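Input: one structure, supplied below.
Hydrogens, waters and symmetry mates play no part in the numbers below; they use all other heavy atoms, side chains included. Fair warning: this is a prediction, and the values are worked out from it, not measured in the lab. Per chain, numbering begins at 1; letters A, B, ... match sequence-line order.
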Amino acid sequence: MFLTPSFLNSLTGKNEPIKTLEPGKVSMYVCGVTVYDDCHLGHARSQIVFDTVNRMLLTLGYQVRYVRNITDIDDKIIKKAHDSNRTIGEITSTYIDSFHSDMNRLKILPPSVEPRATLYLDHMIELIQTLIDKGHAYIKDGSVYFRVRSYSAYGELSHQQIAELRSGARVESDEGKEDPLDFALWKAVKEGEPSYDAPFGAGRPGWHIECSAMSLHELGESFDIHGGGLDLLFPHHENERAQSEAATGKTFVTTWIHNGFVTINDAKMAKSLGNSFRIASFFETSPFKDPVTAEWLRIFFLSTHYRSPVDISEESLGHAKASLDSLHEFQIRLEKVAKSRGIVPGPLFSGPSGRFLKALSNDMDTAVALRILHETKTSLNPMLDAGGDPSESDLSGALRLLLTVREIFGILEVPSEEWVFGKGEKGSSNMALSVAEAEAMIRKREEARAAKNFQKADEIRDRLRQAGYELMDNPGGLPRIRRI
RNA sequence: GGCGGCGUAGCCAAGUGGUAAGGCAAGGGUCUGCAAAACCUUUAUACGGCAGUUCGAACCUGCCCGCCGCCUCCA
């Protein structure tokens with residue numbers, strides 16, 4: 001590989017080239033979901049961001065071991081089961097299916113492994129026992145708590161001072177912890193709740209410990225990258241790091257990466273605010289006249305740097321769509337010319353593809369990467385017009401760029417002819433006219449045009465436009481129809 | 001109160017000390033019977049404000065203003 005990517009490491013606050021434990025290999029753990037509800041657009045962004053990291057590393061030539069967990073034991077799951085009179089198993093299997101369906105819709109590449117918390121209870125118990133043995137945890141009324149002050153680096157990751165956290169911490173007198181900051185590794189069994197046997201008493205795992213158990217087991221005591229949403233930085237990742245390093249005595253993770261939030265019309269998206277969009281419903285009942293697609297959502301999220309907040313609005317999504325449409329139009333033009341001249345894609349690491357990868361290697365600067373795509377489009381489009389004469393290296397460079405973009409961004413994969421002219425991923429539901437009907441009308445319009453009856457021709461075109469089809473006159477034959 | 005982030009054209013958004021990318025929208029033009037698409041062209045003496053460092057700052061430092069997030073479950 002010719003490029004070493006760098007990332008803004010939350011731990012150090014600096015943009016650093018990744019230092020992998022093994023040359024050419026990357027081990028990465030990303031927090032997946034707790035399966036108590038359908039995923040919303042915040043999950044979509046996070047998964048698209050880390051899918052893009054994964055895809056970039058693969059394209060750069062790294063061998064990636066990508067672990068994305070599923071947390072299937074948790075207070076919220078128990079509550080949901082109780083409230084809806086279903087078993088925990090029913091709840092978790094429902095939402096695991098829903099999660100997978102969403103990931104497929106978003107064209108997220110599957111991780112190398114997808115561990116489920118309930119299958120790692122032995123590892124959690126073992127880890128907790130180690131922490132007790134080493135004096136980093138204590139038992140209180142059947143629960144086990146992590147002793148935060150026994151781990152001197154606590155607060156380092158989220159850049160919090162223990163003293164400040166302590167003053168801000170809510171006093172939870174009823175829990176009887178030594179320190180308000182101490183957090184539960186194991187919660188003592190309660191009536192009507194699931195529990196598991198452990199040497200320190202029956203109960204169930206606290207939040208955080210499952211991720212340590214799964215990551216340490218799947219990736220080893222130290223690994224390269226740990227990612228997730230910014231909201232996980234504290235306390236989840238801080239606690240995860242503390243308990244892992246306290247147990248192993250080794251550096252847990254080298255590079256921590258966190259993505260920013262999704263807001264809707266400038267308000268934080270939260271279930272409590274009633275403004276969270278489920279991924280599934282966003283796809284199914286699009287707020288637009290066009291169905292939402294994976295490519296559309298991906299380019300939308302990738303238009304903003306992964307750490308910046310991104311606001312979803314009809315306008316911002318519309319911009320992304322227009323940008324993607326123009327890229328598909330370019331792809332049609334480029335591939336036509338390249339095919340007729342027998343041009344093949346150029347090398348990965350030079351030309352626009354090389355510049356694209358270089359931009360991504362700098363803390364995943366997807367906005368600059370997208371600029372390179374558009375600049376390539378803008379510089380080549382004039383030459384792709386009839387009479388133009390683009391050079392072979394321009395064409396092969398652009399072809400390679402498109403391949404690289406498809407691989408890493410997961411856009412421009414739907415054949416552009418289908419994208420632009422109304423089939424494929426865009427679907428043809430809720431259209432007033434079928435494609436066949438529209439084509440019949442186009443032929444009538446052509447007859448009218450041939451007879452110089454432009455009034456009638458324009459009338460037909462207006463009717464088609466109202467039905468959602470736009471005509472693009474084609475010098476060589478029948479006009480083509482484009483979904484608008 | 002503590003910690004962190006952000007503030008760049010009508011909107012979105014890059015920029016990590018060397019003289020403001022890109023997208024969307026808008027105006028003008030080429031092409032077209034007219035459109036659409038494509039192409040050409042126009043649109044920030046300017047980067048929240050005030051100081052400072054520097055030959056030089058949107059980028060560094062300080063202060064101020066405004067917005068947001070985290071500190072409690074959360075991608």
Look at all strands and tell whether A:R333 reaches a base, only sugar-phosphate, or nothing, counting heavy atoms closer than 4.0 Å.
-> sugar-phosphate

Answer with base, sugar-phosphate or nothing: what part of the nucleic acid does A:L232 contact at a heavy-atom distance below 4.0 Å?
-> sugar-phosphate

Give A:H305 one of three labels, base, sugar-phosphate or nothing, depending on what nucleic acid heavy atoms sit under 4.0 Å from its own.
-> sugar-phosphate

In short, A:E218 meets A:V67 closest at the heavy-atom pair CB-CG2, 3.9 Å

Below 4.0 angstrom from OP1 or OP2 of B:A75, is there any side-chain N or O of A:H43?
-> yes

Euclidean distance for P, B:G48 against B:U8 (whole angstrom) = 6 Å

Would you mind telling me which of B:C24, B:A21, B:G23 lies closest to the side-chain atoms of A:A322?
-> B:C24

Listed nucleotide nearest any side-chain atom of A:E329, set B:A37, B:G69, B:U16 | B:A37

What is the distance from NE2 of A:H319 to P of B:C11, rounded to the nearest Å?
-> 11 Å

Could you verify whether a donor N or O on one side chain and an acceptor N or O on the other, from A:S101 and A:S98, lie under 3.5 Å apart?
-> no

Quantified in whole Å, what is the C1' atom distance between nucleotide B:A20 and nucleotide B:G66?
-> 24 Å

Measure from the side chain of A:A367, starting at C-beta and using heavy atoms only, and say which of B:A13, B:C34, B:A75 lies closest.
-> B:A13

For A:R461 and B:A37, what is the distance between atoms CZ and C1' respectively, to the nearest whole Å?
-> 13 Å

Selected nucleotide, minimal atom distance to A:E315 side chain, candidates B:A38, B:A36, B:C11 | B:C11

Rounded distance in Å - NZ (A:K452) to P (B:U32) | 13 Å

Whole-Å distance separating the NZ atom of A:K358 from the P atom of B:A21 = 18 Å

Is the A:W256 ring parallel, tilted or perpendicular to the A:F252 ring (thresholds 30°, 60°)?
-> tilted

Describe the nucleic acid contact of A:D365 in one word from base, sugar-phosphate, nothing, applying a heavy-atom distance below 4.0 Å.
-> sugar-phosphate

Tell me what A:T304 touches on the nucleic acid: a base, only sugar-phosphate, or nothing, going by heavy atoms under 4.0 Å.
-> sugar-phosphate

Do the side-chain N or O atoms of A:S308 get closer than 4.0 angstrom to the phosphate oxygens (OP1, OP2) of B:A14?
-> yes

At under 4.0 Å between heavy atoms, what does A:E375 touch on the DNA or RNA strands: base, sugar-phosphate, or nothing?
-> sugar-phosphate

Are any of A:T366's side-chain N or O atoms less than 4.0 Å away from OP1 or OP2 of B:A13?
-> no

Find the partner of B:C31: check Watson-Crick (N1-N3 plus N6-O4 or O6-N4) and G-U wobble (N1-O2, O6-N3) distances, both under 3.5 Å, and reply none if neither fits.
-> none

How long is the line joining NE2 of A:H328 and P of B:A36, in whole Å?
-> 23 Å

What nucleotide, of B:U16, B:A14, B:A75, holds the atom closest to the side chain of A:S46?
-> B:A75

Would you please classify the geometry between the A:Y306 ring and the A:F7 ring as parallel, tilted or perpendicular, with 30° and 60° separating the classes?
-> perpendicular

Pair assignment for B:A21, Watson-Crick or G-U wobble, requiring both distances under 3.5 Å | none

Scan A:V30 against the nucleic acid and name what it touches under 4.0 Å (heavy atoms): base, sugar-phosphate only, or nothing.
-> nothing

B:U61 pairs with which nucleotide, Watson-Crick or G-U wobble, both distances below 3.5 Å?
-> B:A51

Aromatic rings A:H226 and A:Y29: how do their planes relate, parallel, tilted or perpendicular, breaks at 30° and 60°?
-> tilted

OP1 or OP2 of B:A75 less than 4.0 angstrom from a side-chain nitrogen or oxygen of A:N259, does that happen here?
-> no

Which part of the nucleic acid, if any, lies within contact of A:K76, taking any heavy atom under 4.0 Å across all strands shown: a base, the sugar-phosphate backbone alone, or nothing?
-> sugar-phosphate

Which part of the nucleic acid, if any, lies within reach of A:D74 when heavy atoms closer than 4.0 Å are counted: base, sugar-phosphate only, or nothing?
-> nothing

Pairing nucleotide - B:A46, Watson-Crick or G-U, each distance under 3.5 Å | none

Which residue lies toward the 5' end of RNA chain B, A:S158 or A:D458, if each is placed at its nearest nucleotide?
-> A:S158

Decide yes or no on side chain to side chain contact (heavy atoms under 4.5 Å, CB included) for A:C211 and A:C31, but give the supporting numbers first.
-> CA-CA 8 Å; A:C211 276; A:C31 286; 4.0 Å; yes

5'-most contact on RNA chain B: A:N15 or A:I372, nearest heavy atom basis?
-> A:N15

Work out which heavy atom in A:N15 is nearest to a heavy atom in A:L8; give both atom names and the distance.
-> N-CD2, 3.7 Å

With heavy atoms under 4.0 Å as the rule, sort A:G155 into base, sugar-phosphate or nothing.
-> nothing

Checking all strands, does A:F234 fall into the base, sugar-phosphate, or nothing category for heavy-atom contacts under 4.0 angstrom?
-> sugar-phosphate

To the nearest angstrom, how far is A:H237 atom NE2 from B:C71 atom P?
-> 13 Å

With sugar-phosphate meaning primed atoms plus P, OP1 and OP2, does A:R445 contact a base, only sugar-phosphate, or nothing at under 4.0 Å between heavy atoms?
-> base

Kindly state each residue pair satisfying salt bridge (charged side-chain N to carboxylate O under 4.0 Å, His left out) with at least one member in residues 5-16 of chain A, sequence neighbours excluded.
-> none

Integer angstrom distance from the C1' of B:C6 to that of B:A58 = 14 Å

Answer with base, sugar-phosphate or nothing: what part of the nucleic acid does A:G229 contact at a heavy-atom distance below 4.0 Å?
-> sugar-phosphate

Tell me which nucleotide among B:A75, B:C3, B:A36 gets nearest to the side chain of A:E470.
-> B:A36

Separation of A:L233 atom CG from B:A75 atom P, in whole Å?
-> 14 Å

Could you tell me the separation between the CG atom of A:L327 and the C1' atom of B:G22, rounded to a whole number of Å?
-> 11 Å

When you compare B:G23 with B:A13, how far apart are their P atoms, in angstrom units rounded to a whole number?
-> 16 Å

